[in-house]
Every structure is written in structure tokens, then in C-alpha cells.
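As C-alpha cells, the structure follows; a few thoughts come after it.
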Amino acid sequence: MDSQANLAALSTCTTCKFKEDTSNYWTAVLYFKHQNGSYMRVPQMANAVTGNPNGGMTVYYLQPSDNQKVTAYPKGFRMIVGDPMIRNKTALSTNTVEARAITFRCWNANFGNDANFIHPGTGSLDTIELPNKPCPGGIRSNIFFPSCWNGKDLDPPDHASHMAWPTGAVGRDGLFFHAGGCPASHPIRMPTLFLEIAWDTRQFNNMFPASGQPFVLSQGDPTGFGQHADYVFGWKDDSLQRAMDKCNDQSGACRELTSIPDEEMNRCTQKARVDEVVEGRYINALPGCNPIQNGPTTATMINQCTTAISTYVGQPNAPAPTPTTTVVNPAPTTSTVTTVTQVPSQPAGPLIPKYGQCGGNGWTGATQCVSGSTCQKLNDWYSHFDIKIDSQADLPGLSTCTTCKFKEDTSNYWTAVLYFKHQNGSYLRVPQMANAVTGNPNGGMTVYYLQPVDNQKVTAYPKGFRMIVGDPMIRNKTALSTNTVEARAITFRCWNADFGNDPEFIHPGTGSLDTIELPNRPCPGGIRSNIFFPSCWNGKDLDPPDHASHMAWPIGDVGRDGLFFYGGRCPESHPIRMPVLFLEIAWDTRQFNDMFPESGQPFVLSQGDPTGFGQHADYVFGWKDDSLQRAMDLCNDPTGKCSEGILTRISDEEMNSCTQSPRVEEVVEGRYIDALPGCNPIQNGPTSATTVAHCSTAVSTYIGQPTTLVNPGPLASN
């Protein structure tokens, strides 16, 4: 790239929010290293409250807090921060500005920060090395550039010595609000350039090794000490200087600059320059000549490399056009592939009985219960869950803990699990993620107990009550008229980035983002299942043979806001009004968005449903004593709050610590498997699906039956 090139004039578009910014921002990429030695690129995700960009990074141009004059970078300016060769902590004293400038944040769930140390480079969540534990909300790179220029060099040979850090002690809030004066050698104060990159490491949290951590930066750094970034200035004309002079709104708004919509940012693309597989599948080695160098000695550059593809356009690639990086497991294994990978005595990932999933925090009550024993991570949403449950059992009395927010709730909530189906026919379970503003639960679901808007008397479910909503056998749209209450009760939301909804239709089952079938396009923010149960009871049956006919939907038209604020009246056959039970499950499908087939969509529900029309849910009542009735009578705060003395709230830590031992030794997540668990072959429809009456291949879901393992990991290189 010619340092004197006019980037703004050469560029036809930008992926940055301000149209005037065509600068280059670069960091090393994060990879997951599997225990068999192969690598998978960690996807980036949209940062919190940034709209709907396709991943990327958040770039800040910060001005010092003491109103010093800030000079914009001149044309031709470049710089690098960080040293890609560092592999030990002693090279970065934690008390120096340099060390606090480049860190990693180990997020709690849902972009969760330490409330006492929210600023980058501060608090216990931020480290100068890669985090040594699973991070519930992913990892964020925090990278500050120095902001004092020598006034002479645009890009010296080391790309760094023309810049220096401001002098003065860094306060508890870190460099984000750091002022300080520039040293005499570098007297000109420039913006503090700061980058945030959100790495979606959540899918690998259950694949951590017994010791250490599994991530590596793309220059071959498994420590993280070598995190670094590059910057090439490319703002149009004097636009950055105008912004520095006139734009001081802390929200980032600037009338001097032209904001463009996310759609325009996302459309700005460039064709691939090198035919090389670097993401979306496991590969044998990091791209380029970047062998792992653990340290603690400084890493060295590989001067002669005969295996890597040239990254410069126009140079010979040998052999061309086939990538020289050998692809490991380019598609997950199918049953016809013979792998020499040894089967471990225990699977690398957690074991989960069959295809169940549960969980949920909140109230109007949304009671968020975390993922459970029929859910991911074997964290039981309450401690009494089994394949066979006595309908008259005292669940609160049998349970020793709960994964729900309210201690009194030991009910069972269940839905089918979502799987990604690769084009070669193998399957990978889609991870669940914490719903928006639900705290730090381990995935799970959000469970609402809604009361009708017209103040009808609500009767709580009695002991022994059970119900099912939805039909797992449906495979066509005609069975679900989109104008009926039943159809609007069970939908999927195709989220925009960062839990993004349609502002005109935020309520479930309304607007163009919600469909009764699985979304037919990639969803930038993942997919949310929306499931309402009927709320009118016949007053007699606790659990009829079909688990459904004792309940009915209220009568009346459903308004534009859907069932969330629906009133209606119960029919004479089912006269008793009960709570509107509503479940939300957040599926993190973002990692699969670049693996969509040319036609159709790649997801399937675990009962073998690739349409989504068969989405369904089960409920087994388990509230303690009269606690749910008290809540229905006394808790009417629309935010879900319920005063102490009525219900008892527990911490996220207590919810997450409620676990149960696996009941079936079967691999169902964390790796590709040949078939859906159990006897659940894909049945596309449009005719109704049928139950497989006799199955000789599936692992039994009842304790004591023999078990087998399927495809324990990615293919080895041989």
C-alpha cells in the first residue's frame, strides 16, 4: 500500500460508521486450538450497543479529559502498537502504561462487566495475557494506541518510535479517561485511538483443556502477550480535524460527519485475494508461516517459508490455486469417513441426555432458569429431573436447588434443541446464550408468567399439573394458519445484531422478523424461540393422555402486539384463567451464518424437524406451596420484580451451581455427530412426521442401558 496514496479517493465504500473514514484498522485474529492440534478461527461478534454490523471492531477517537488541543493524524500517517514477538509477562510490567494499554476482557454473560471496573484495562476481568478460564460472554480485546507524536515522522521503519505515551499516573479508570501531558520529545497531542474486538469464544467454553487455555493469536502466540494492532490513516480531507474540534458529545454523535446505515457498512466488501481456507472449519496449522512459539523467550520471524501461500496479490502461489494449508476436517465427518482419531475413554465435551433443553431469569414475571441437565452443560435447572417423573411427586420437596431465579420455582421447562446440519449430513448442536438483560446465567431460557392486561383473576397451576404446546409432528404451513392464535403462539425471531429487534414490532410473534418456520436467512444476532402456552383450564384434568386438551386459548382477536399483552376471555369449556406461560430461548446461530447452503436453511430441531413448524414445549408444575398464587395476586410490576417475602431471589452463581450428574453417556454437543440423538431421522414433510416405533441404533435415555460414542472430535490430519 503506497503510503502517499489518497485512500479516501481510492475507496468506493467503507465499513465504518462515518462515511469520511476509510482508514485501515488491523489486529491479529484469534484461533481455538483443539486438543488434537487442529485450529478453528474464533468468530467476531457485534459489540454491545453498536447496531447490526457484521462483527468487526469498535473504534474510538478519544479526546483527553482536560480539554487539551488535539491534532488529527496527517496524510500518510501509520503506526503499530504492541509487540507480536513478546511471550512473557516480565516484558510487560502490569504497572506500566504499555501493559494497561493492551488487555483482554473476560466477559460475563451478555457483555457483562465488573460494575466497579467497567473501563478497559481495569479490574479483575481484564488481563494482559489470554484469560485462563472460560468466559461466559466471550473475550474482548482492548487496544489503546499512544497519543503523542514527534511532529516529524509519518511512518518510521519500526512504525512505532514516532509516537509516545502521555506522562503522568494512570488512574483507576485506566486510559479511557487518561489525560497527562506529552513529553518534550513527542509534543503534539493526537487522539487516543482505541479498538475493541469482541471474540465469540462461548462455543468453546466446554472444550477447555485440563490445564491452560485453548486460544492462540494468529501470529503463533498462545500467551496473548503479543497482542498488537496496526493503523493506517485514511480520513477524507480535514474531516477528522473538524470532528476533533467540534464533536465533543460523549455518545459519539457528530454533526460534522456523515453517518451511514449498518446495511451500507455491511455491503462494503472485497473479493478474496488468496485462495486459502482460514475459517469455518478445522485446519492443520495457522495460516502463513506462524508456528506456535510458547516462550518465555521472544518469538522469531520465519525468514524462509516454502509452505505458505503468498499474501501479496500477483506473486506466485505454489501450487496454485489449491491452498497449501492442509484442511483438517473441512467438513465434519460423516458415517462413511474412517477416522484414525482414538476414541477417548470420556468425551471431550459434556454429556447430555437426548435432545432435551430447559432453563430460564426474570418474571411478570420472567423466571430465568439456566441451562439444565436436559440442557447444555448438564447444569440441571432444578435438582429433581428424571426421564420418569411421578406426577404426584413433591418436586420442591425432592429438589435441593434450582436454576431458576426464584428459589420457590422447581418446575420443569423443556423444548427441543436446535442443531446445525452441515452440507455433508453431520450435525452440531447450536449453543444457547443468555438472553438480553438477564444477568449471567449459563444459557437456559427466560420464562414469563404473564397476567392478562384487563386484570382478570388468575389462578395458579395446581400440584400435578402438566401441559404441552405445539405438535412435534407438523411439517407444513397449512397446518398452522398464520392468522390463528396457535400460529402466533410459537414462532422464531431472526435477531438483528446485539439482540436487535424491529423497533415497530418488538413483541414476540409480531412483525417481519418473526416466522412460524425456521428463518430462511442468516440471522446477525442469532435466533430466538418464542413459545406461548394456552392459559384457559377446564378445571378438572391435571394431565390428560394428550397433555393438551385440558387447556384452551382465550377467545378474541389478537392485536398488533401479539399474545404478550393479550387479554381475551376463556371459553365455557375451559373457564379458569391461568397465567400466560411464555418461554424465550436464545440460540447462538451466528457462527454458522457464513455456512448457509445455496438454498434453504441449515438448522433442524432435535426431533428431526428441518422446517420449524414442529417447535413445541413441555411444562411440569413445581412451585413450592402457594408461592405462585401469591405472586399472581401480589406481584404486578411489569419489570418482573416481586418483593421479598413473596418470592425469594437467588444469585446467578447459585443458579449456575445447581447441577446434576449425566444420566446417559452420549455425545450430543461440542462436536459434529453422524445423526441426531435418539431415533429422530429427518422427516421433511409436508406430510406429518411419524414416531419410530423400534430403534436398535439409538442410545437408551433410561439409566442403566448401554451407551456408545460418535465422532469424538475433528479429524486428525492423517
Side-chain angles (χ1 to χ4, degrees), residues 1 7-8 11-32 40-62 80-82 102-105 107 110-111 120 135 137-145 191 193-203 215 217-218 227-235 240 251-254 257-273 278-280 287 433 495-500 522-526 588-596:
M1 196 184 293
L7 298 189
S11 301
T12 58
C13 60
T14 179
T15 63
C16 295
K17 192 63 179 176
F18 296 114
K19 192 171 186 177
E20 293 82 358
D21 184 11
T22 61
S23 302
N24 284 243
Y25 308 93
W26 185 95
T27 67
V29 164
L30 194 64
Y31 277 84
F32 166 75
M40 172 78 83
R41 177 170 172 171
V42 176
Q44 289 158 254
M45 56 183 173
N47 207 345
V49 297
T50 58
N52 303 315
N54 290 339
M57 62 175 69
T58 311
V59 180
Y60 298 77
Y61 285 78
L62 302 168
I80 286 178
V81 68
I102 303 179
T103 57
F104 298 93
R105 171 150 298 180
W107 261 324
N110 193 25
F111 303 109
C135 300
I139 295 172
R140 188 184 73 197
S141 289
N142 311 312
I143 303 177
F144 289 90
F145 286 79
L193 186 63
F194 172 53
L195 313 181
E196 289 181 331
I197 306 95
W199 305 105
D200 194 0
T201 58
R202 295 172 296 180
Q203 62 186 287
F215 300 109
L217 292 171
S218 51
Q227 184 172 212
H228 60 292
D230 306 4
Y231 173 65
V232 178
F233 173 78
W235 284 78
L240 181 57
S251 70
C254 184
L257 301 176
T258 309
S259 293
I260 62 175
D262 294 342
E263 293 76 16
E264 186 175 342
M265 295 161 58
N266 293 337
R267 283 197 303 269
C268 187
T269 60
Q270 190 180 63
K271 292 181 179 179
R273 301 302 184 90
V278 298
E279 70 177 354
M433 55 183 173
W495 260 325
N496 294 322
D498 191 22
F499 302 108
C523 300
D588 193 0
T589 58
R590 294 172 296 182
Q591 62 185 289
F592 308 107
N593 282 351
D594 60 351
M595 301 171 71
F596 258 59

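No hydrogens, no waters, no symmetry mates; every other heavy atom, side chains included, goes into these values. Values in this document were obtained by computation on a predicted structure and should not be read as measured data. Residue numbers run from 1 in the order of the sequence given.
For the side chain to side chain contact (heavy atoms under 4.5 Å, CB included) test, residues two or more places apart in sequence or in another chain that qualify with Asn24 are Met1, Leu7, Val232. Residues satisfying the side-chain hydrogen bond (donor to acceptor under 3.5 Å, both in side chains) criterion with Thr14, sequence neighbours excluded, are absent altogether. Shown here are the side chain to side chain contact (heavy atoms under 4.5 Å, CB included) partners of Gln270, two or more places apart in sequence or in another chain: Arg273. For Tyr231, the side-chain hydrogen bond (donor to acceptor under 3.5 Å, both in side chains) partners are Tyr61, not counting sequence neighbours. Ser11 pairs by the side-chain hydrogen bond (donor to acceptor under 3.5 Å, both in side chains) definition with nothing, not counting sequence neighbours. In this structure, the side chain to side chain contact (heavy atoms under 4.5 Å, CB included) partners of Ala8, at least two apart in sequence or on a different chain, are Asn6, Thr22, Lys236. When the side-chain hydrogen bond (donor to acceptor under 3.5 Å, both in side chains) test is applied to Asp262, the partners found at least two apart in sequence or on another chain are Lys17. With sequence neighbours excluded, the residues forming a side chain to side chain contact (heavy atoms under 4.5 Å, CB included) with Gln44 are Arg41, Ile197, Trp199, listed by chain and number.
Between the side chains of Thr27 and Gln227, no donor-acceptor pair is found at a separation under 3.5 Å.
In this structure, Glu279 contributes its side chain and Pro43 its backbone to no donor-acceptor pair below 3.5 Å. Asp200 places no side-chain N or O within donor-acceptor distance of the main-chain N or O of Gly138, the cut-off being under 3.5 Å.
Among all heavy-atom pairs drawn from Phe215 and Leu30, the shortest one is CB-CD1, 3.9 Å.
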